[in-house]
Amino acid sequence: MKKFLEEFKAFALKGNMMDMAVGVLIGGAFSALVTSLTENIINPVIGILFKADFSEVVLHLPFDINLGIGAFVSAVINFLILALVLFLMLKGMNKLLEFGKKEEPAPEAPAPKAPTQEELLAEILAELKKRGGDQ
C-alpha cells in the first residue's frame with residue numbers, strides 16, 4: 001500500500017498534472033465569466049428584438065411540446081465565445097513558441113579537403129618524371 005501511495009504522489013505532483021489542474025480551474029472560472037456575459041449582456045440586447053428575456057424564448061409546438069430556443073442559442077453563443085478565446089490563446093502561444101526558436105542556418109556543404117603535403121609531393125614527382133621521360 002505504501003508503494004502505491006508513493007507512485008500516486010509522484011504521478012499527482014508531476015508538473016503536467018498540476019498544470020492541467022490549474023488549467024481546469026481557470027477554464028471553469030472563465031466559463032462562468034462567459035456565461036455571465038451571455039446571460040447579462042448579450043441576451044438582453046438580443047431580447048430587445050423579442051421584447052422578452054431571450055434565454056426564456058420558447059417555441060410552442062402542438063401536443064404540448066416546448067422548445068427552449070433561447071436557452072439553446074445562449075449555449076451556442078457561450079460555446080462560440082469560449083472557442084474563439086481558446087483559438088486566440090493557442091494562436092498566441094504558438095506565435096510565442098515560434099518567436100522563441102532561433103533559426104539555425106542550414107549546414108553548409110563541407111569544403112573539399114586540401115591535399116596533404118605527401119600528396120602534393122607525389123604530384124610534383126609524377127610531373128617531374130613525365131617531363132624527364134619526354135626529353
Side-chain angles (χ1 to χ4, degrees):
M1 184 70 170
K2 186 175 180 181
K3 184 178 178 184
F4 174 79
L5 290 175
E6 287 174 10
E7 288 177 6
F8 178 74
K9 180 180 173 185
F11 168 76
L13 297 180
K14 277 187 181 177
N16 292 342
M17 182 64 113
M18 296 304 288
D19 291 344
M20 187 177 71
V22 169
V24 168
L25 292 174
I26 290 174
F30 185 73
S31 177
L33 286 174
V34 170
T35 300
S36 177
L37 171 74
T38 305
E39 290 176 357
N40 299 317
I41 296 174
I42 295 174
N43 281 350
V45 171
I46 296 174
I48 292 171
L49 300 173
F50 292 94
K51 296 181 182 165
D53 181 10
F54 182 67
S55 62
E56 295 177 8
V57 172
V58 176
L59 183 62
H60 299 286
L61 298 176
F63 305 110
D64 218 15
I65 298 174
N66 297 321
L67 299 178
I69 299 296
F72 176 73
V73 171
S74 295
V76 169
I77 291 170
N78 280 350
F79 170 77
L80 292 175
I81 292 171
L82 284 170
L84 175 67
V85 170
L86 183 61
F87 170 75
L88 293 174
M89 284 176 52
L90 288 175
K91 192 167 178 70
M93 289 297 293
N94 287 339
K95 196 69 146 178
L96 283 175
L97 290 174
E98 195 175 290
F99 180 71
K101 289 182 182 175
K102 292 182 180 178
E103 277 200 33
E104 296 179 16
E108 295 180 18
K113 234 179 176 182
T116 63
Q117 288 182 349
E118 290 83 15
E119 292 170 337
L120 288 173
L121 286 174
E123 284 180 34
I124 293 171
L125 287 174
E127 189 65 33
L128 288 174
K129 281 184 182 180
K130 263 190 198 176
R131 288 186 188 176
D134 292 342
Q135 293 175 358

According to side chain to side chain contact (heavy atoms under 4.5 Å, CB included), who are the partners of [X], at least two apart in sequence or on a separate chain?
X      : answer
Pro44  : none
Leu59  : Leu61, Leu67, Ile69
Asp64  : none
Glu123 : none

_Connected via hydrophobic side-chain network under 4.5 Å: Leu96 and Met89_ =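 No; Met89 is not reachable from Leu96 via cluster members.
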*Identify whether Val45 and Val34 are in the same connected component of the hydrophobic contact network (ILVMFWY, side-chain heavy atoms under 4.5 Å).*
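Shared cluster, no.
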*asked:* Donor-acceptor check, side chain of Thr35 to backbone of Ser31, threshold 3.5 angstrom: yes or no?
replied: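 Between the backbone of Ser31 and the side chain of Thr35 there is a qualifying donor-acceptor contact (under 3.5 Å).
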_Members sharing Val22's hydrophobic cluster (side chains within less than 4.5 Å)_ =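 Val22 clusters with Ile26.
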Atom pairs and distances, side-chain donor-acceptor, residues 71-88, under 3.5 Å, sequence neighbours left out:
residue: Ser74; atom: OG; partner: Asn43; partner atom: OD1; Å: 3.0
residue: Ser74; atom: OG; partner: Asn43; partner atom: ND2; Å: 2.9
residue: Ser74; atom: OG; partner: Gly70; partner atom: O; Å: 2.9
residue: Asn78; atom: OD1; partner: Thr38; partner atom: OG1; Å: 2.3

_Looking at Gln117, I want to see if its CD is surrounded by more than 12 non-hydrogen atoms of other residues, nucleotides or ligands under 6.0 Å._
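It does not: Gln117 CD has 12 such atoms or fewer within range.
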